[in-house]
Amino acid sequence: GAAGSCTTGNDGDGSAGPRDMTAVSDLTSPPPPLLLKEYVVRGKQTFTLGSNLTDLPGSNDSPAYQRTVGDICVAENEVTVANYTMCVQAGVCTPPADSGAGCNYGVTGRENHPINCVEFPQAKTFCDWIQRRLPTESEWEYAANGATTSTGAKFPWLGMGGNFDPPKACFNAGSTCPVGSKVRTY
């Protein structure tokens with residue numbers, strides 16, 4: 001998801017009034033061509049980044065360490081194929097080069113699925129187009145892990161006690177699930 005712009009009220013740190021967390025410096029620019037529903041993570045949040053688990057060979061996730069993120073604003077859902085297609089049609093973004101099995105772009109019926117098979121520069125161009133930015137690694141890890149940062153679960157789709165919670169996971173063989181079709185983990 002994209003990150004970077006929300007206007008919030010008092011964020012509990014003693015400051016009064018709205019606080020603009022916009023990553024865009026030119027406030028005279030026209031509004032973004034596409035608005036994604038966003039949510040705010042406010043205040044400093046310290047969480048464990050990485051894992052000490054040894055069952056993930058080659059993941060480069062260990063050792064785990066503590067990381068703190070400040071105020072961030074992230075898109076509530078993944079960017080859809082329809083969202084990305086709007087950017088392509090506007091002549092700003094380029095279609096994903098990879099159109100192999102599992103890629104959603106251009107596949108009928110997957111307009112509401114997450115865009116995938118895009119390269120980093122394409123994702124950055126899309127974020128620039130909607131006047132947002134990509135999250136940092138720490139911001140992404142914090143936002144993507146949802147409740148795991150407080151429950152200690154290995155994955156967001158695990159319930160309390162580490163039991164698999166099917167409504168939180170997408171196991172759709174050979175494809176993705178429509179954006180927003182699973183229970184949120186935050």
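Applying the side-chain hydrogen bond (donor to acceptor under 3.5 Å, both in side chains) test to Thr125 and every residue at least two apart in sequence or in another chain returns nothing. Listed by chain and number, the residues in a side-chain hydrogen bond (donor to acceptor under 3.5 Å, both in side chains) with Gln89 amount to none (sequence neighbours excluded). Contacts of Thr94 classified as side-chain hydrogen bond (donor to acceptor under 3.5 Å, both in side chains), with partners at least two apart in sequence or in another chain: Gln122. Remark: Asn116 pairs with no residue by the side-chain hydrogen bond (donor to acceptor under 3.5 Å, both in side chains) rule, at least two apart or across chains. Under the rule for a side chain to side chain contact (heavy atoms under 4.5 Å, CB included), Glu137 has no partner lying at least two apart in sequence or in another chain. Partners of Ala90 according to the side chain to side chain contact (heavy atoms under 4.5 Å, CB included) rule, which considers only residues two or more places apart in sequence or in another chain, are Val92, Trp129.
None of Cys93, Cys87, Pro96 except one satisfies the side chain to side chain contact (heavy atoms under 4.5 Å, CB included) rule with Ile115; the exception is Pro96.
Atom-to-atom distance recorded for Tyr84:OH and Phe126:CZ is 8.5 Å, nearest 0.5 angstrom.
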Worked verdict on Lys124 versus Glu119 for salt bridge (charged side-chain N to carboxylate O under 4.0 Å, His left out): CA-CA 9 Å; Lys124 184 176 179 329; Glu119 301 290 333; over 6 Å; no
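Counting all heavy atoms, side chain and backbone alike, Pro114 lies closest to Cys177 at CD-O, 3.4 Å. When all heavy atoms are compared, the tightest approach of Gln66 to Thr46 is OE1-CG2, 3.3 Å. Across every non-hydrogen atom of Glu111 and Thr80, the tightest pair is O-CB, 3.5 Å.
Listed for the His113 side chain is no donor-acceptor partner under 3.5 Å among the backbone atoms of Asn104.
Between Glu139 and Arg67, none of the side-chain N atoms (NZ, or NE/NH1/NH2) sits under 4.0 Å from a carboxylate O, so this pair counts as no salt bridge.
A continuous path of Ile, Leu, Val, Met, Phe, Trp and Tyr side chains, each step under 4.5 Å between heavy atoms, connects Val79 with Val118, placing both in one hydrophobic cluster.
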